Amino acid sequence: IVVGTGAVDHAELCKLAEANFANLPRSAPEGVVVSDGGKPWFIGSDIRMREDSEEHAHLILAFEGLPWVHKDEPVMSVIAALLGTLAPGQDAKNVANSAGKL
C-alpha cells in the first residue's frame with residue numbers, strides 16, 4: 001500500500017512507487033506460511049514491570065474490536081468513549097473526568 005497526502009501528483013506518486021517497489025517478490029518464498037485471508041487471531045499478553053522510583057504508572061489496555069460494518073459496532077464505539085483516550089501530556093485524572101461527562 002502506498003499512500004500520499006496533501007498536494008500530491010498522482011502520476012508522480014505512481015512513478016515513484018513503480019521505481020521503488022517493482023522488484024519486490026510477488027509471492028512468499030517456499031516454506032513460508034502465508035495467511036489464507038481468514039480472521040487473524042487476537043493473542044493477549046501481560047507484562048508487568050514494577051518501578052517504584054517512577055511517579056506515575058503507565059498501562060495499556062487492548063482488546064479485539066469490530067469492523068465498521070458489524071451490527072454491534074455502535075455499542076463498541078460507546079464503550080471506547082467511556083474508556084476514554086489519553087493524549088500526550090494528559091494525565092489519567094483528566095481522562096476520568098472527561099469520560100464521566102459523557
Side-chain angles (χ1 to χ4, degrees):
I1 297 174
V2 176
V3 177
T5 62
V8 177
D9 181 316
H10 179 74
E12 183 66 23
L13 183 63
C14 289
K15 278 194 255 177
L16 287 168
E18 182 68 28
N20 289 286
F21 302 117
N23 294 326
L24 289 177
R26 297 186 183 270
S27 60
E30 190 171 327
V32 174
V33 178
V34 179
S35 171
D36 62 0
K39 182 180 174 190
W41 295 330
F42 178 79
I43 301 172
S45 65
D46 183 6
I47 299 174
R48 299 176 190 209
M49 298 180 347
R50 185 175 179 132
E51 292 288 339
D52 292 335
S53 62
E54 292 293 323
E55 183 178 343
H56 301 285
H58 302 275
L59 74 119
I60 297 172
L61 295 175
F63 50 89
E64 186 173 11
L66 296 172
W68 288 106
V69 295
H70 195 279
K71 67 180 181 65
D72 292 330
E73 193 282 325
V75 175
M76 288 295 288
S77 292
V78 171
I79 292 170
L82 291 172
L83 288 173
T85 59
L86 188 61
Q90 185 181 25
D91 64 30
K93 285 184 273 186
N94 293 336
V95 172
N97 290 338
S98 65
K101 295 177 183 176
L102 289 176

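For the numbers below, each heavy atom of this structure counts, side chains included, while hydrogens, waters and symmetry mates do not. Quantities reported herein were computed from a predicted structural model and do not represent experimental measurements.
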**Student:** Rounded at 0.5 Å granularity, tell me how far CG in L13 sits from NZ in K15.
**Tutor:**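 Here the rounded value is 11.0 Å.
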**Student:** Testing the basics here: between A11 and D9, what is the closest heavy-atom pair and its distance to 0.1 Å?
**Tutor:**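 Nearest heavy atoms, A11 then D9: N-OD1, 2.9 Å.
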**Student:** Looking only at heavy atoms, what is the nearest atom pair of D72 and H70, with distance?
**Tutor:**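 Heavy atoms of D72 and H70 come nearest at N-ND1, 2.9 Å.
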**Student:** For the hydrophobic clusters of this structure (ILVMFWY residues joined by side-chain heavy atoms under 4.5 Å, transitively), does one cluster hold both V3 and V8?
**Tutor:**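 Unlinked, V3 and V8 end up in two clusters.
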**Student:** Any chance you could measure E73, atom CD, to M76, atom CE, to the nearest 0.5 Å?
**Tutor:**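 The CE atom of M76 is 8.5 Å from CD of E73, to the nearest 0.5 Å.
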**Student:** Atom CD1 of residue position I47 - does it have more than 12 heavy atoms of other residues, nucleotides or ligands inside 6.0 Å?
**Tutor:**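 Not buried by this count: 12 neighbours or fewer within 6.0 Å.
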**Student:** According to a 4.5 Å side-chain heavy-atom criterion applied to Ile, Leu, Val, Met, Phe, Trp and Tyr, with indirect links allowed, do I79 and L66 form part of one hydrophobic cluster?
**Tutor:**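 In one cluster with I79: L66, yes.
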